[in-house]
Enquirer: 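Before I ask anything, let me first share the structure, which is written out below as C-alpha coordinates.
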Amino acid sequence: MSMIASHRLQRLRYLWFATATTVGCGITTAALGSVVERVLTGYAGTGVGLGPGLVTVILLVSAFALGRSWLMGAAGSDGKSVLPAIGLAVIAPAAGEDESRNERPCEEGTGACGTPPCDQRAALVVTELQAYHFFTNLLRSQTQDIIETTEAAATSIVTALQQVDRAISDMMGFLEQSSANDRVAEIVDRTEQEMHLNRKMLQEFMDQRARDATDAVVRQEEIREATDHLVGMVRHVREIASATNMLALNATIEAARAGDAGRGFLVVASEVKALSRQSDQTARDLHSGIERLQATIANSLETIIHQHVDEESKSLTLVTKTITDLTDNLEKLISHQRDVLTKVQHESEAIARPIMELMGSIQFQDITRQQLQHLSTASMLVDDHVEAMCRVLEDTSSVPEIIPLQTLMEDVFNRYVMASQRDSHREAGGQTAMEDGGPKIELF
Amino acid sequence: MLVDDSPTMLMSLEGILSKAGYGLMKATSGEAALETAKGAKKIDMVITDLYMGKMNGIQLIKALRQLQNFRFAPILMLTTESQQDKRAEAKASGATGWLVKPVQPTDLLQVVRQVLPGT
(Lines give C-alpha, C1' and ligand atoms only; values in the text may rest on other atoms or scores of the structure.)
Protein backbone atom coordinates (compact mmCIF):
# COMPACT_ATOMS: atom_id res chain seq x y z
CA MET A 1 0.00 0.00 0.00
CA SER A 2 2.68 2.43 1.01
CA MET A 3 4.45 1.68 -2.24
CA ILE A 4 1.38 2.68 -4.21
CA ALA A 5 0.98 5.82 -2.13
CA SER A 6 4.54 6.85 -2.73
CA HIS A 7 4.09 6.22 -6.45
CA ARG A 8 1.00 8.32 -6.50
CA LEU A 9 2.77 11.05 -4.64
CA GLN A 10 5.54 10.94 -7.17
CA ARG A 11 3.10 11.43 -10.00
CA LEU A 12 1.39 14.15 -8.07
CA ARG A 13 4.66 16.02 -7.84
CA TYR A 14 5.15 15.85 -11.52
CA LEU A 15 1.66 17.06 -12.04
CA TRP A 16 2.22 19.98 -9.76
CA PHE A 17 5.45 20.79 -11.37
CA ALA A 18 3.69 20.71 -14.68
CA THR A 19 1.04 23.01 -13.35
CA ALA A 20 3.62 25.29 -11.78
CA THR A 21 5.53 25.48 -14.99
CA THR A 22 2.27 26.27 -16.70
CA VAL A 23 1.51 29.07 -14.24
CA GLY A 24 5.12 30.11 -13.80
CA CYS A 25 5.41 29.75 -9.98
CA GLY A 26 7.82 26.80 -10.06
CA ILE A 27 9.69 27.24 -6.81
CA THR A 28 6.68 27.98 -4.61
CA THR A 29 4.77 24.99 -5.79
CA ALA A 30 7.77 22.72 -5.39
CA ALA A 31 8.24 23.88 -1.83
CA LEU A 32 4.53 23.54 -1.10
CA GLY A 33 4.48 20.13 -2.69
CA SER A 34 7.36 18.77 -0.58
CA VAL A 35 5.80 20.13 2.63
CA VAL A 36 2.51 18.45 1.82
CA GLU A 37 4.32 15.25 1.00
CA ARG A 38 6.17 15.18 4.28
CA VAL A 39 3.08 15.95 6.31
CA LEU A 40 1.00 13.35 4.52
CA THR A 41 3.73 10.72 4.92
CA GLY A 42 3.99 11.43 8.61
CA TYR A 43 0.28 10.98 9.22
CA ALA A 44 -0.58 8.29 6.74
CA GLY A 45 1.12 5.59 8.82
CA THR A 46 -1.07 6.19 11.87
CA GLY A 47 -4.10 5.48 9.81
CA VAL A 48 -7.12 7.34 8.82
CA GLY A 49 -9.80 4.74 9.00
CA LEU A 50 -10.17 5.19 5.31
CA GLY A 51 -8.35 3.17 2.71
CA PRO A 52 -5.03 4.34 1.41
CA GLY A 53 -6.68 4.82 -1.93
CA LEU A 54 -8.88 7.47 -0.45
CA VAL A 55 -5.87 9.43 0.79
CA THR A 56 -4.42 9.27 -2.70
CA VAL A 57 -7.70 10.48 -4.15
CA ILE A 58 -7.74 13.40 -1.75
CA LEU A 59 -4.22 14.32 -2.81
CA LEU A 60 -5.03 14.05 -6.50
CA VAL A 61 -8.25 15.98 -6.21
CA SER A 62 -6.59 18.69 -4.19
CA ALA A 63 -3.79 18.90 -6.74
CA PHE A 64 -6.19 19.16 -9.65
CA ALA A 65 -8.33 21.66 -7.85
CA LEU A 66 -5.37 23.83 -7.11
CA GLY A 67 -4.16 23.58 -10.67
CA ARG A 68 -7.58 24.37 -12.06
CA SER A 69 -8.14 27.31 -9.78
CA TRP A 70 -4.78 28.70 -10.66
CA LEU A 71 -5.44 28.15 -14.32
CA MET A 72 -8.87 29.70 -14.10
CA GLY A 73 -7.92 32.30 -11.60
CA ALA A 74 -10.66 31.39 -9.16
CA ALA A 75 -11.18 28.66 -6.55
CA GLY A 76 -13.53 26.09 -7.99
CA SER A 77 -16.78 25.87 -6.10
CA ASP A 78 -16.76 22.10 -6.29
CA GLY A 79 -12.96 21.80 -5.82
CA LYS A 80 -11.12 20.80 -2.79
CA SER A 81 -8.14 22.83 -1.83
CA VAL A 82 -4.90 21.60 -0.45
CA LEU A 83 -5.63 23.03 2.96
CA PRO A 84 -8.76 21.01 3.55
CA ALA A 85 -6.90 17.96 2.30
CA ILE A 86 -4.13 18.56 4.82
CA GLY A 87 -6.70 19.26 7.50
CA LEU A 88 -8.46 15.98 6.75
CA ALA A 89 -5.22 14.12 6.93
CA VAL A 90 -4.47 15.76 10.28
CA ILE A 91 -7.91 15.34 11.82
CA ALA A 92 -8.59 11.78 10.75
CA PRO A 93 -5.85 10.08 12.79
CA ALA A 94 -7.01 11.90 15.90
CA ALA A 95 -10.57 10.78 15.22
CA GLY A 96 -9.50 7.17 14.79
CA GLU A 97 -10.28 4.78 17.71
CA ASP A 98 -7.87 2.45 19.41
CA GLU A 99 -9.76 -0.45 17.93
CA SER A 100 -9.41 0.82 14.38
CA ARG A 101 -5.79 1.61 15.01
CA ASN A 102 -5.24 -2.03 15.92
CA GLU A 103 -7.23 -3.20 12.96
CA ARG A 104 -5.12 -1.28 10.55
CA PRO A 105 -2.57 -3.76 9.37
CA CYS A 106 1.06 -3.03 9.98
CA GLU A 107 3.80 -4.20 7.75
CA GLU A 108 7.01 -4.84 9.56
CA GLY A 109 10.26 -3.36 8.43
CA THR A 110 9.15 -0.99 5.69
CA GLY A 111 9.68 2.67 5.96
CA ALA A 112 6.40 3.72 4.43
CA CYS A 113 3.83 2.86 7.03
CA GLY A 114 5.63 0.78 9.63
CA THR A 115 7.24 3.31 11.87
CA PRO A 116 8.81 1.57 14.88
CA PRO A 117 6.13 2.16 17.56
CA CYS A 118 3.34 0.42 15.58
CA ASP A 119 5.45 -2.62 14.78
CA GLN A 120 6.84 -3.16 18.19
CA ARG A 121 3.54 -2.68 19.97
CA ALA A 122 1.80 -5.32 17.86
CA ALA A 123 4.67 -7.75 18.19
CA LEU A 124 4.83 -7.23 21.93
CA VAL A 125 1.10 -7.78 22.36
CA VAL A 126 1.17 -10.92 20.21
CA THR A 127 4.06 -12.39 22.18
CA GLU A 128 2.37 -11.73 25.47
CA LEU A 129 -0.95 -13.09 24.28
CA GLN A 130 0.69 -16.28 23.11
CA ALA A 131 2.20 -16.70 26.52
CA TYR A 132 -1.39 -16.87 27.78
CA HIS A 133 -1.57 -20.49 26.61
CA PHE A 134 0.73 -21.46 29.44
CA PHE A 135 -1.60 -19.89 31.96
CA THR A 136 -4.60 -21.72 30.52
CA ASN A 137 -2.83 -25.06 30.51
CA LEU A 138 -1.74 -24.48 34.07
CA LEU A 139 -5.32 -23.74 35.14
CA ARG A 140 -6.61 -26.82 33.42
CA SER A 141 -4.04 -29.20 34.83
CA GLN A 142 -4.44 -27.83 38.32
CA THR A 143 -8.22 -28.04 38.29
CA GLN A 144 -7.82 -31.61 37.16
CA ASP A 145 -5.48 -32.18 40.11
CA ILE A 146 -8.09 -30.77 42.47
CA ILE A 147 -10.74 -33.06 41.03
CA GLU A 148 -8.52 -36.11 41.43
CA THR A 149 -7.35 -35.21 44.93
CA THR A 150 -10.86 -34.56 46.24
CA GLU A 151 -12.07 -37.78 44.67
CA ALA A 152 -9.31 -39.75 46.39
CA ALA A 153 -10.11 -38.06 49.68
CA ALA A 154 -13.80 -38.90 49.32
CA THR A 155 -12.93 -42.52 48.62
CA SER A 156 -10.71 -42.81 51.69
CA ILE A 157 -13.40 -41.21 53.87
CA VAL A 158 -15.95 -43.73 52.64
CA THR A 159 -13.54 -46.62 53.24
CA ALA A 160 -12.83 -45.43 56.78
CA LEU A 161 -16.54 -45.03 57.51
CA GLN A 162 -17.22 -48.53 56.29
CA GLN A 163 -14.49 -49.88 58.54
CA VAL A 164 -15.93 -48.13 61.58
CA ASP A 165 -19.36 -49.42 60.68
CA ARG A 166 -18.10 -52.99 60.33
CA ALA A 167 -16.19 -52.81 63.61
CA ILE A 168 -19.27 -51.67 65.47
CA SER A 169 -21.42 -54.40 63.89
CA ASP A 170 -18.86 -57.03 64.87
CA MET A 171 -18.71 -55.75 68.43
CA MET A 172 -22.48 -55.68 68.71
CA GLY A 173 -22.73 -59.21 67.38
CA PHE A 174 -20.14 -60.44 69.81
CA LEU A 175 -21.73 -58.76 72.81
CA GLU A 176 -25.19 -59.96 71.96
CA GLN A 177 -23.91 -63.45 71.50
CA SER A 178 -21.99 -63.54 74.73
CA SER A 179 -24.49 -61.98 77.09
CA ALA A 180 -28.07 -61.95 75.97
CA ASN A 181 -27.64 -65.70 75.70
CA ASP A 182 -29.20 -68.30 77.90
CA ARG A 183 -25.69 -69.55 78.35
CA VAL A 184 -24.96 -66.86 80.82
CA ALA A 185 -28.30 -67.15 82.56
CA GLU A 186 -27.64 -70.85 82.70
CA ILE A 187 -24.23 -70.34 84.23
CA VAL A 188 -25.64 -67.95 86.78
CA ASP A 189 -28.41 -70.39 87.72
CA ARG A 190 -26.02 -73.27 88.03
CA THR A 191 -23.63 -71.26 90.13
CA GLU A 192 -26.40 -70.18 92.41
CA GLN A 193 -27.58 -73.75 92.83
CA GLU A 194 -24.11 -74.93 93.67
CA MET A 195 -23.75 -72.09 96.07
CA HIS A 196 -27.00 -73.03 97.73
CA LEU A 197 -25.87 -76.64 98.00
CA ASN A 198 -22.58 -75.60 99.45
CA ARG A 199 -24.25 -73.45 102.01
CA LYS A 200 -26.60 -76.30 102.91
CA MET A 201 -23.72 -78.71 103.29
CA LEU A 202 -21.84 -76.28 105.39
CA GLN A 203 -24.81 -75.67 107.56
CA GLU A 204 -25.40 -79.38 108.04
CA PHE A 205 -21.79 -79.87 108.83
CA MET A 206 -21.89 -77.10 111.32
CA ASP A 207 -25.10 -78.44 112.79
CA GLN A 208 -23.54 -81.83 113.02
CA ARG A 209 -20.55 -80.42 114.78
CA ALA A 210 -22.88 -78.56 117.05
CA ARG A 211 -24.81 -81.71 117.67
CA ASP A 212 -21.62 -83.53 118.31
CA ALA A 213 -20.68 -80.85 120.70
CA THR A 214 -24.07 -81.09 122.33
CA ASP A 215 -23.80 -84.85 122.42
CA ALA A 216 -20.49 -84.52 124.09
CA VAL A 217 -21.96 -82.20 126.59
CA VAL A 218 -24.86 -84.58 127.06
CA ARG A 219 -22.51 -87.49 127.47
CA GLN A 220 -20.60 -85.46 129.90
CA GLU A 221 -23.80 -84.80 131.74
CA GLU A 222 -24.67 -88.45 131.65
CA ILE A 223 -21.29 -89.35 132.99
CA ARG A 224 -21.60 -86.76 135.63
CA GLU A 225 -25.03 -88.04 136.50
CA ALA A 226 -23.78 -91.54 136.67
CA THR A 227 -20.86 -90.59 138.81
CA ASP A 228 -23.02 -88.41 140.91
CA HIS A 229 -25.24 -91.36 141.39
CA LEU A 230 -22.27 -93.33 142.37
CA VAL A 231 -21.27 -90.68 144.77
CA GLY A 232 -24.76 -90.71 146.15
CA MET A 233 -24.51 -94.42 146.62
CA VAL A 234 -21.23 -94.05 148.31
CA ARG A 235 -22.65 -91.58 150.72
CA HIS A 236 -25.46 -93.84 151.42
CA VAL A 237 -23.06 -96.62 152.22
CA ARG A 238 -21.21 -94.37 154.58
CA GLU A 239 -24.36 -93.43 156.27
CA ILE A 240 -25.22 -97.01 156.69
CA ALA A 241 -21.77 -97.65 157.97
CA SER A 242 -22.12 -94.88 160.43
CA ALA A 243 -25.49 -96.11 161.53
CA THR A 244 -24.15 -99.61 161.88
CA ASN A 245 -21.30 -98.32 163.95
CA MET A 246 -23.74 -96.63 166.23
CA LEU A 247 -25.64 -99.78 166.48
CA ALA A 248 -22.54 -101.72 167.40
CA LEU A 249 -21.72 -99.27 170.09
CA ASN A 250 -25.13 -99.55 171.45
CA ALA A 251 -24.86 -103.25 171.37
CA THR A 252 -21.59 -103.19 173.26
CA ILE A 253 -23.09 -101.11 175.96
CA GLU A 254 -26.08 -103.48 176.23
CA ALA A 255 -23.77 -106.42 176.24
CA ALA A 256 -21.80 -105.05 179.14
CA ARG A 257 -25.00 -104.75 181.08
CA ALA A 258 -26.07 -108.22 180.20
CA GLY A 259 -22.96 -109.87 181.80
CA ASP A 260 -21.82 -113.32 180.74
CA ALA A 261 -24.80 -113.88 178.54
CA GLY A 262 -23.85 -110.86 176.55
CA ARG A 263 -20.24 -111.98 175.84
CA GLY A 264 -21.05 -113.58 172.50
CA PHE A 265 -23.06 -110.53 171.59
CA LEU A 266 -20.00 -108.36 172.23
CA VAL A 267 -17.91 -110.30 169.76
CA VAL A 268 -20.51 -109.90 167.07
CA ALA A 269 -20.82 -106.27 167.92
CA SER A 270 -17.07 -105.61 167.54
CA GLU A 271 -16.97 -107.49 164.20
CA VAL A 272 -19.82 -105.35 162.99
CA LYS A 273 -17.89 -102.26 164.05
CA ALA A 274 -14.81 -103.39 162.19
CA LEU A 275 -16.86 -104.11 159.11
CA SER A 276 -18.50 -100.74 159.11
CA ARG A 277 -15.15 -99.06 159.50
CA GLN A 278 -13.89 -100.95 156.46
CA SER A 279 -16.93 -100.04 154.36
CA ASP A 280 -16.56 -96.50 155.34
CA GLN A 281 -12.94 -96.42 154.25
CA THR A 282 -13.71 -98.14 150.96
CA ALA A 283 -16.55 -95.82 150.40
CA ARG A 284 -14.28 -92.88 151.00
CA ASP A 285 -11.71 -94.24 148.55
CA LEU A 286 -14.38 -94.85 145.98
CA HIS A 287 -15.71 -91.39 146.44
CA SER A 288 -12.37 -89.69 145.82
CA GLY A 289 -11.73 -92.01 142.88
CA ILE A 290 -14.98 -91.07 141.31
CA GLU A 291 -14.36 -87.45 141.88
CA ARG A 292 -11.00 -87.70 140.22
CA LEU A 293 -12.54 -89.47 137.21
CA GLN A 294 -15.24 -86.94 136.91
CA ALA A 295 -12.74 -84.15 136.90
CA THR A 296 -10.58 -85.86 134.27
CA ILE A 297 -13.44 -86.57 131.95
CA ALA A 298 -14.89 -83.15 132.33
CA ASN A 299 -11.57 -81.52 131.52
CA SER A 300 -10.70 -83.60 128.52
CA LEU A 301 -14.13 -83.45 126.97
CA GLU A 302 -14.48 -79.80 127.35
CA THR A 303 -11.08 -79.13 125.95
CA ILE A 304 -11.57 -81.29 122.91
CA ILE A 305 -15.01 -80.12 122.08
CA HIS A 306 -14.66 -76.46 122.54
CA GLN A 307 -11.35 -76.20 120.84
CA HIS A 308 -12.39 -78.00 117.69
CA VAL A 309 -15.79 -76.58 117.42
CA ASP A 310 -14.36 -73.11 117.69
CA GLU A 311 -11.81 -73.66 114.97
CA GLU A 312 -14.13 -75.42 112.64
CA SER A 313 -16.75 -72.83 113.19
CA LYS A 314 -14.26 -70.13 112.23
CA SER A 315 -13.09 -71.78 109.02
CA LEU A 316 -16.57 -72.80 108.00
CA THR A 317 -17.77 -69.29 108.46
CA LEU A 318 -14.89 -68.08 106.31
CA VAL A 319 -15.69 -70.51 103.51
CA THR A 320 -19.34 -69.50 103.49
CA LYS A 321 -18.43 -65.87 103.29
CA THR A 322 -16.06 -66.43 100.37
CA ILE A 323 -18.67 -68.29 98.37
CA THR A 324 -21.22 -65.57 99.04
CA ASP A 325 -18.76 -62.89 97.88
CA LEU A 326 -18.05 -64.79 94.70
CA THR A 327 -21.71 -65.07 93.86
CA ASP A 328 -22.23 -61.38 94.51
CA ASN A 329 -19.32 -60.51 92.24
CA LEU A 330 -20.61 -62.73 89.49
CA GLU A 331 -23.99 -61.07 89.66
CA LYS A 332 -22.39 -57.64 89.57
CA LEU A 333 -20.31 -58.68 86.57
CA ILE A 334 -23.34 -59.85 84.64
CA SER A 335 -25.29 -56.76 85.50
CA HIS A 336 -22.34 -54.63 84.42
CA GLN A 337 -22.06 -56.50 81.15
CA ARG A 338 -25.71 -55.88 80.48
CA ASP A 339 -25.15 -52.17 81.14
CA VAL A 340 -22.20 -52.17 78.76
CA LEU A 341 -24.25 -53.89 76.08
CA THR A 342 -27.05 -51.35 76.44
CA LYS A 343 -24.57 -48.49 76.34
CA VAL A 344 -22.81 -49.90 73.28
CA GLN A 345 -26.16 -50.31 71.57
CA HIS A 346 -26.99 -46.67 72.26
CA GLU A 347 -23.57 -45.52 71.12
CA SER A 348 -23.64 -47.50 67.91
CA GLU A 349 -27.07 -46.13 67.11
CA ALA A 350 -25.73 -42.66 67.84
CA ILE A 351 -22.76 -43.24 65.54
CA ALA A 352 -24.88 -44.71 62.77
CA ARG A 353 -26.50 -41.35 62.15
CA PRO A 354 -23.28 -39.34 61.61
CA ILE A 355 -21.91 -42.16 59.49
CA MET A 356 -24.97 -41.99 57.29
CA GLU A 357 -24.75 -38.21 57.06
CA LEU A 358 -21.07 -38.38 56.13
CA MET A 359 -21.93 -40.80 53.37
CA GLY A 360 -24.26 -38.11 52.06
CA SER A 361 -21.73 -35.28 52.40
CA ILE A 362 -19.37 -37.02 49.99
CA GLN A 363 -21.67 -35.78 47.22
CA PHE A 364 -20.09 -32.35 47.46
CA GLN A 365 -17.08 -33.72 45.64
CA ASP A 366 -19.22 -34.39 42.58
CA ILE A 367 -20.57 -30.85 42.61
CA THR A 368 -17.08 -29.42 43.00
CA ARG A 369 -15.90 -31.54 40.11
CA GLN A 370 -18.61 -30.20 37.82
CA GLN A 371 -17.89 -26.61 38.76
CA LEU A 372 -14.17 -27.09 38.15
CA GLN A 373 -14.81 -28.70 34.79
CA HIS A 374 -16.82 -25.68 33.71
CA LEU A 375 -14.06 -23.42 34.87
CA SER A 376 -11.66 -25.44 32.74
CA THR A 377 -13.96 -25.27 29.70
CA ALA A 378 -14.41 -21.51 30.10
CA SER A 379 -10.65 -21.00 30.29
CA MET A 380 -10.26 -22.95 27.05
CA LEU A 381 -12.75 -20.65 25.33
CA VAL A 382 -10.84 -17.61 26.56
CA ASP A 383 -7.68 -19.26 25.28
CA ASP A 384 -9.23 -19.62 21.82
CA HIS A 385 -10.36 -16.01 21.96
CA VAL A 386 -6.83 -14.88 22.76
CA GLU A 387 -5.56 -16.94 19.85
CA ALA A 388 -8.07 -15.19 17.59
CA MET A 389 -6.86 -11.79 18.77
CA CYS A 390 -3.30 -12.77 17.98
CA ARG A 391 -4.37 -13.63 14.46
CA VAL A 392 -5.99 -10.23 14.15
CA LEU A 393 -2.70 -8.56 15.03
CA GLU A 394 -0.61 -10.84 12.87
CA ASP A 395 -2.77 -10.91 9.76
CA THR A 396 -1.54 -8.18 7.44
CA SER A 397 -3.95 -8.68 4.58
CA SER A 398 -7.35 -8.34 6.18
CA VAL A 399 -9.18 -8.01 9.43
CA PRO A 400 -10.38 -11.48 10.45
CA GLU A 401 -13.71 -12.08 12.05
CA ILE A 402 -13.53 -12.92 15.72
CA ILE A 403 -16.28 -14.20 17.95
CA PRO A 404 -16.65 -11.61 20.65
CA LEU A 405 -15.96 -12.73 24.20
CA GLN A 406 -19.50 -11.67 25.10
CA THR A 407 -20.88 -14.35 22.75
CA LEU A 408 -18.48 -16.98 24.13
CA MET A 409 -19.57 -16.21 27.67
CA GLU A 410 -23.19 -16.71 26.63
CA ASP A 411 -22.22 -20.15 25.36
CA VAL A 412 -20.58 -20.83 28.74
CA PHE A 413 -23.79 -19.71 30.46
CA ASN A 414 -25.87 -22.12 28.45
CA ARG A 415 -23.66 -25.02 29.42
CA TYR A 416 -24.14 -24.57 33.17
CA VAL A 417 -25.70 -27.45 35.09
CA MET A 418 -26.72 -25.82 38.34
CA ALA A 419 -28.61 -22.80 39.58
CA SER A 420 -25.73 -21.47 41.66
CA GLN A 421 -23.51 -21.28 38.59
CA ARG A 422 -26.07 -19.26 36.69
CA ASP A 423 -26.62 -16.91 39.60
CA SER A 424 -22.88 -16.41 40.08
CA HIS A 425 -22.55 -15.68 36.35
CA ARG A 426 -25.36 -13.14 36.51
CA GLU A 427 -23.93 -11.45 39.57
CA ALA A 428 -20.47 -11.33 38.03
CA GLY A 429 -22.04 -9.57 35.06
CA GLY A 430 -23.77 -7.06 37.30
CA GLN A 431 -27.23 -8.62 37.17
CA THR A 432 -29.20 -9.95 40.08
CA ALA A 433 -29.52 -13.60 40.96
CA MET A 434 -32.89 -14.96 40.04
CA GLU A 435 -32.85 -18.74 40.08
CA ASP A 436 -35.80 -20.39 41.62
CA GLY A 437 -35.61 -23.97 40.61
CA GLY A 438 -38.34 -25.44 42.72
CA PRO A 439 -38.40 -28.04 45.49
CA LYS A 440 -35.32 -30.16 46.14
CA ILE A 441 -37.42 -33.29 46.02
CA GLU A 442 -40.37 -33.58 43.69
CA LEU A 443 -42.49 -36.60 42.84
CA PHE A 444 -44.35 -36.25 39.54
CA MET B 1 -29.74 -49.42 39.56
CA LEU B 2 -27.62 -46.32 40.07
CA VAL B 3 -26.47 -44.37 37.02
CA ASP B 4 -23.90 -41.56 37.34
CA ASP B 5 -20.57 -40.78 35.72
CA SER B 6 -19.15 -39.63 39.05
CA PRO B 7 -17.56 -42.41 41.11
CA THR B 8 -17.99 -40.31 44.25
CA MET B 9 -21.75 -40.09 43.74
CA LEU B 10 -21.97 -43.83 43.24
CA MET B 11 -19.98 -44.41 46.45
CA SER B 12 -22.23 -42.10 48.40
CA LEU B 13 -25.47 -43.61 47.14
CA GLU B 14 -24.16 -47.13 47.59
CA GLY B 15 -23.14 -46.35 51.16
CA ILE B 16 -26.55 -44.95 52.02
CA LEU B 17 -28.73 -47.51 50.27
CA SER B 18 -26.78 -50.68 51.05
CA LYS B 19 -26.76 -49.78 54.74
CA ALA B 20 -30.54 -49.58 54.54
CA GLY B 21 -30.60 -53.06 53.06
CA TYR B 22 -31.08 -52.47 49.32
CA GLY B 23 -29.24 -54.50 46.70
CA LEU B 24 -27.56 -52.34 44.07
CA MET B 25 -26.29 -52.31 40.50
CA LYS B 26 -24.18 -49.49 39.16
CA ALA B 27 -23.51 -47.96 35.75
CA THR B 28 -21.30 -45.02 34.81
CA SER B 29 -23.05 -44.00 31.59
CA GLY B 30 -26.46 -44.01 29.95
CA GLU B 31 -25.37 -46.56 27.38
CA ALA B 32 -23.97 -48.93 30.01
CA ALA B 33 -27.13 -48.55 32.06
CA LEU B 34 -29.28 -49.46 29.08
CA GLU B 35 -27.21 -52.58 28.41
CA THR B 36 -27.46 -53.63 32.05
CA ALA B 37 -31.19 -52.98 32.05
CA LYS B 38 -31.74 -55.13 29.00
CA GLY B 39 -29.85 -58.04 30.50
CA ALA B 40 -31.02 -57.82 34.11
CA LYS B 41 -33.56 -60.13 35.62
CA LYS B 42 -35.08 -57.80 38.12
CA ILE B 43 -34.44 -54.16 38.70
CA ASP B 44 -37.04 -52.54 40.94
CA MET B 45 -35.92 -48.97 40.58
CA VAL B 46 -33.50 -46.67 38.77
CA ILE B 47 -31.79 -43.53 40.07
CA THR B 48 -30.00 -41.61 37.34
CA ASP B 49 -27.96 -38.44 36.85
CA LEU B 50 -28.96 -35.96 34.11
CA TYR B 51 -25.75 -34.65 32.53
CA MET B 52 -23.61 -37.63 31.55
CA GLY B 53 -21.48 -38.06 28.46
CA LYS B 54 -23.25 -38.77 25.20
CA MET B 55 -26.58 -40.07 26.50
CA ASN B 56 -28.08 -37.84 29.12
CA GLY B 57 -30.52 -38.90 31.83
CA ILE B 58 -33.66 -37.85 29.99
CA GLN B 59 -32.64 -39.82 26.89
CA LEU B 60 -31.97 -42.79 29.14
CA ILE B 61 -35.41 -42.58 30.69
CA LYS B 62 -37.02 -42.44 27.26
CA ALA B 63 -35.07 -45.53 26.19
CA LEU B 64 -35.85 -47.41 29.39
CA ARG B 65 -39.55 -46.73 29.12
CA GLN B 66 -39.47 -48.54 25.79
CA LEU B 67 -38.36 -51.74 27.52
CA GLN B 68 -40.94 -54.19 28.78
CA ASN B 69 -39.55 -54.40 32.29
CA PHE B 70 -39.32 -50.67 32.75
CA ARG B 71 -42.63 -49.41 31.61
CA PHE B 72 -43.76 -48.76 35.14
CA ALA B 73 -40.68 -49.08 37.32
CA PRO B 74 -39.93 -45.93 39.33
CA ILE B 75 -37.12 -43.90 37.76
CA LEU B 76 -35.78 -40.96 39.74
CA MET B 77 -33.61 -38.14 38.40
CA LEU B 78 -30.82 -37.10 40.78
CA THR B 79 -28.95 -34.06 39.49
CA THR B 80 -27.49 -30.66 40.30
CA GLU B 81 -29.94 -29.14 37.83
CA SER B 82 -33.11 -27.57 39.19
CA GLN B 83 -34.64 -25.67 36.27
CA GLN B 84 -38.37 -26.00 35.74
CA ASP B 85 -38.16 -26.64 32.00
CA LYS B 86 -35.77 -29.54 32.51
CA ARG B 87 -38.07 -30.99 35.18
CA ALA B 88 -41.02 -30.73 32.82
CA GLU B 89 -39.01 -32.41 30.09
CA ALA B 90 -38.12 -35.27 32.43
CA LYS B 91 -41.68 -35.65 33.56
CA ALA B 92 -42.83 -35.80 29.94
CA SER B 93 -40.24 -38.49 29.23
CA GLY B 94 -41.57 -40.65 32.02
CA ALA B 95 -39.53 -39.80 35.11
CA THR B 96 -41.13 -40.62 38.44
CA GLY B 97 -39.47 -37.89 40.43
CA TRP B 98 -36.76 -35.25 40.61
CA LEU B 99 -34.10 -34.91 43.32
CA VAL B 100 -31.59 -32.06 43.49
CA LYS B 101 -27.99 -32.81 44.50
CA PRO B 102 -26.80 -32.99 47.19
CA VAL B 103 -29.53 -35.18 48.68
CA GLN B 104 -29.70 -35.88 52.43
CA PRO B 105 -29.49 -39.58 53.23
CA THR B 106 -32.67 -39.48 55.28
CA ASP B 107 -34.55 -37.71 52.46
CA LEU B 108 -33.30 -40.18 49.86
CA LEU B 109 -34.38 -43.17 51.94
CA GLN B 110 -37.77 -41.61 52.54
CA VAL B 111 -38.37 -41.07 48.80
CA VAL B 112 -37.22 -44.60 47.97
CA ARG B 113 -39.57 -46.05 50.56
CA GLN B 114 -42.37 -43.95 49.10
CA VAL B 115 -41.91 -45.13 45.50
CA LEU B 116 -41.03 -48.71 46.42
CA PRO B 117 -43.61 -49.81 48.95
CA GLY B 118 -43.19 -53.13 50.55
CA THR B 119 -39.40 -52.99 50.92
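Quick note: numbers below take in every heavy atom, side chains included, and nothing from hydrogens, waters or symmetry partners. Chain A is the first sequence line, chain B the second, and so forth, proteins listed ahead of strands; every chain is numbered from 1. All values derive from a computational prediction rather than experimental measurement.
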Enquirer: Is chain A contacted by the side chain of B/Q104, its backbone, both, or neither, given a heavy-atom distance below 4.5 Å?
Expert: neither

Enquirer: Does the side chain of B/I47 come within less than 4.5 Å of B/L17's, by heavy atoms?
Expert: yes

Enquirer: May I ask you to name which of A/Q365, A/R353, A/Q421 has the most heavy-atom pairs under 4.5 Å with chain B?
Expert: A/Q365

Enquirer: With a 4.0 Å cut-off, would you call B/D5 and A/R369 a salt bridge?
Expert: yes

Enquirer: So what's closer than 4.5 Å to chain A heavy atoms on B/L76: side chain, backbone, both or neither?
Expert: side chain

Enquirer: For the candidates A/V158, A/D366, A/I362, which exhibits the highest count of non-hydrogen atom pairs separated by less than 4.5 Å from chain B?
Expert: A/D366

Enquirer: Count the heavy-atom pairs under 4.5 Å between each of B/L99, B/V115, B/T96 and chain A, then report the option with the highest count.
Expert: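 Between B/L99, B/V115, B/T96, the count favours B/T96.
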
Enquirer: State whether A/D411 and A/R415 are salt-bridged, where the test is any N-O pair (Lys NZ or Arg NE/NH1/NH2 against Asp/Glu carboxylate O) under 4.0 Å.
Expert: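 A salt bridge is present here (some side-chain N lies under 4.0 Å from a carboxylate O).
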
Enquirer: Quick check on B/Y51: does its OH atom have over 12 non-hydrogen neighbours (other residues, nucleotides or ligands) under 6.0 Å away?
Expert: yes

Enquirer: Under a 3.5 Å cutoff, is there a donor and acceptor pairing between the side chains of A/H133 and A/E387?
Expert: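 Judged by distance alone, the side chains do pair up.
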
Enquirer: Are any of the side-chain nitrogens in B/K101 or B/D49 under 4.0 Å away from the carboxylate oxygens of its partner?
Expert: yes

Enquirer: Out of A/Y416, A/F444, A/F364, return the one with the most heavy atom pairs under 4.5 angstrom to chain B.
Expert: A/F444

Enquirer: Using non-hydrogen atoms only, which part of B/L109 is less than 4.5 Å away from chain A: side chain, backbone, both, or neither?
Expert: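 Interface part for B/L109: side chain.
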
Enquirer: Among the options B/P7, B/G15, B/S12, B/A20, pick out the one with the most heavy-atom pairs lying under 4.5 Å from chain A.
Expert: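 So the answer, after comparing B/P7, B/G15, B/S12, B/A20, is B/S12.
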
Enquirer: Given the options B/I16, B/T79, B/T80, B/L78, which has more heavy-atom pairs under 4.5 Å with chain A than any of the others?
Expert: B/T80

Enquirer: Any Lys/Arg nitrogen of B/E14 or B/K19 sitting under 4.0 Å from an Asp/Glu carboxylate oxygen of the other?
Expert: no

